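Worksheet: the structure to be examined is printed underneath.
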Amino acid sequence: MRVLAGERGATPRVHDRALWVAGIIVFVASLVFFTQVYPLSMSNADDWLNITKVRSGLPEWGGFNPSKVLPETLFPLAGYLAAYVVYPLSHDYLGAITLVSALVVAGAITWYVVSFGRVLERYAKTGAFATACVMLVFFLCHFALLFGALSDGGAAYLFGAYDLTGYYHYIVPALWCGALAFSLIVRGAGLEPNDGLTEGMGRKSMGVLLIYLGMFSNLFSSIALAAFAGASLLVDLPSLGRAHRGDATMPQAVASYARRNAALLLVIAFWLVTLAFEFSGTRASGAMSHQPLALGAVLGNLAIVWNLLYKRLLALLALCLVAYVAWHVRGASPAGEARDARRLVVVVFVDLMLALAFSVCLSARIDPFRVVDGVTEYYIVRGDVLLAVMEAPLMLCCVGMGYALGRVRWLQVLAPLCAFALAVTVVGNIGSYIPPVSGRMTARQDIAVTNDLIGQIVRADSEGKSEVTVATCRFDNPKAINWPQTPGMVESMAHTLYVHGLTKRELTTTWYADPVLNERYGISEDIGVE
């Protein structure tokens, strides 16, 4: 069997075992985090509307969200699974939704981290134990990277969103696209002569489906895969000239280039179609009808990203480049391995520039900034928006770490220490994370209040009523009437409870804000501003 560099006797089977051990740790940690630490709960009108809003599996020209196929099918399917499979067993409706949603998010995170482990195995050639440690470091970096980034003292994290809709519409699609990008890196699409779709028809068709769902998800998320594909195609462009200067004609060179990069070209084709559909939608036309894209808004978004994030990231990237250069200069890497590593570095840097430019411009166009309590907030610094931008550079940083561990064996002694120190830092700051619920009330408060509202509707239904007046908490929110517990939320809640089988009829609702509920659950009236 092949012996992997950096750890004698580490066979591919041992490496796979290490990948899955790390994957299980990541899955369990994520599941505990999203069910116990910060439970994923139904917290606002968007959540209650979207959990039963099933759409076609194809993009819809001119629709409100014409290209969000993945989130607007996955979220309702998860809701039905929670309501009709888990709830009859647990008798806890919100708990069932929390569990199923946590399983979805934890599963996506695990797929993403294990896909990174495959990249590490290919490019860094680390041993099994070091690979597992670096995978855990990669996972924890998503919690630690934004420490101290927010002016209000809250700690954002790259796996964090403000509501359940944000997880299905931003986090899961970004993880999906990141995992696909890492898989294409491992299979060599755009990095070596391999079209990335050379398997049998079964796996090939599944690959097309996964790419389709990833690209038709969310523009902020799909850029993770689209930018990688574009960067890889750009880096591989010189091969056209080399082939043409050889024996091949230009049509032959182009055909060879297309075959070699079939998966990447499919990604770009899907992405262009997604753009066309998305900009045909009513939501995009409304968001982009205010004024033309302003250079000041773009520069403001770019500056805030630089100030809050890229100073620390560039330091890590510099360390990675030093490791690559040092070992290549010393001749420690075979020529082919050194070439692949250099090409990966170039691809990731081009990927970063493309993803950052697109996300900054899109953020500046949709929501340039807003002032809340005298503090300017930018859409681009949301963790769920930044995740897609940060996936490739974080991958490169951790591959650089693995590269050093694979070349200097004694450094592997420090690998578990690094993972342990980072884990302690993350756990120590866990209480300061922004909770994944609208209005920034605690998750426990949100669940308690929501169960109260559900109880009012269910009791009215059991009493045979066709109408119900629901008392909600009172919120002083200039953004919307009583957000997040709006009249629309109460109406959507009644509809969802009927669709999910908790009530026998869909009740007509009226609404009033009752400060008594604020006192009962210890919720301030002025926390509704997001």
Side-chain angles (χ1 to χ4, degrees), residues 40-55 63-65 71-72 75-76 79 83 93-94 97 161-169 282-283 286-287 367 370 372 435-530:
L40 300 178
S41 60
M42 303 280 286
S43 61
N44 59 35
D46 290 342
D47 293 344
W48 286 101
L49 174 66
N50 291 326
I51 198 170
T52 55
K53 187 180 178 182
V54 185
R55 59 165 296 147
F64 183 69
N65 285 320
E72 292 187 354
F75 194 8
Y93 177 66
L94 287 184
I97 294 174
Y162 286 105
D163 53 21
L164 197 54
T165 295
Y167 277 92
Y168 281 98
H169 283 241
T282 55
R283 182 177 187 179
D367 191 1
R370 50 188 165 183
V372 179
V437 293
S438 293
R440 299 193 182 185
M441 60 182 126
T442 69
R444 305 295 177 188
Q445 288 174 321
D446 180 68
I447 291 171
V449 172
T450 305
N451 272 322
D452 190 311
L453 305 186
I454 291 173
Q456 295 179 51
I457 297 173
V458 171
R459 281 194 301 272
D461 176 72
S462 65
E463 294 169 0
K465 297 178 179 178
S466 59
E467 298 182 1
V468 59
T469 299
V470 178
T472 72
C473 291
R474 183 178 185 277
F475 296 107
D476 182 14
N477 192 336
K479 176 182 175 181
I481 298 176
N482 210 60
W483 182 270
Q485 295 179 6
T486 63
M489 188 192 92
V490 173
E491 182 180 355
S492 296
M493 183 181 290
H495 173 73
T496 297
L497 294 177
Y498 169 68
V499 171
H500 283 175
L502 274 74
T503 59
K504 299 182 181 67
R505 61 188 67 81
E506 185 172 348
L507 276 68
T508 302
T509 61
T510 54
W511 159 94
Y512 74 98
D514 187 357
V516 173
L517 266 70
N518 296 72
E519 297 178 7
R520 182 183 303 167
Y521 297 106
I523 299 172
S524 173
E525 296 182 10
D526 62 352
I527 64 170
V529 178
E530 288 189 277

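Numbering of residues begins at 1 and proceeds along the displayed sequence. Only a predicted model underlies this, so the values are computations on that prediction, with no experimental measurement involved.
- S41 and D446 are linked by a side-chain donor-acceptor pair at a separation below 3.5 angstrom, with hydrogens and angles left out of the test.
- Residues Y498 and D461 have side chains not in contact (no heavy-atom distance under 4.5 Å, counting atoms from C-beta outward).
- Between the CD atom in E72 and the OG1 atom in T165 there is a gap of 9.5 Å [rounded to 0.5 Å].
- The shortest distance between side-chain heavy atoms of L453 and L517 falls below 4.5 Å.
- No more than 12 heavy atoms of other residues, nucleotides or ligands shown are found within 6.0 angstrom of CD on E491.
- If you take CG on L94 and CG on L40, they are separated by 12.0 Å, rounding to the nearest 0.5 Å.
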Q | Steps toward side chain to side chain contact (heavy atoms under 4.5 Å, CB included) verdict (T510, Y512) | A | CA-CA 7 Å; T510 54; Y512 74 98; over 6 Å; no
Q: Step by step, work out the side chain to side chain contact (heavy atoms under 4.5 Å, CB included) result for T450 and M493.
A: CA-CA 10 Å; T450 305; M493 183 181 290; 4.2 Å; yes
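- Around the OH atom of Y521, the shell of radius 6.0 Å holds more than 12 heavy atoms that belong to other residues, nucleotides or ligands.
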Q: Determine, stepwise, if the pair F475 / I523 fulfils side chain to side chain contact (heavy atoms under 4.5 Å, CB included).
A: CA-CA 9 Å; F475 296 107; I523 299 172; 3.8 Å; yes
Q: Step by step, work out the side chain to side chain contact (heavy atoms under 4.5 Å, CB included) result for K53 and N50.
A: CA-CA 5 Å; K53 187 180 178 182; N50 291 326; 4.1 Å; yes
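- By the 30° and 60° cut-offs, the orientation of the rings of F75 relative to Y168 is parallel.
- Nearest heavy-atom pair, A45 versus T486, reported as atom, atom and distance to 0.1 Å: CB-OG1, 3.7 Å.
- Rounded to the nearest 0.5 angstrom, N65 CG and H169 NE2 are separated by 7.0 Å.
- Considering every non-hydrogen atom in both A494 and L507, the closest pair reads CB-O, 3.8 Å.
- When side chains are defined from C-beta on, T496 counts as touching Y93, because their heavy atoms get closer than 4.5 Å.
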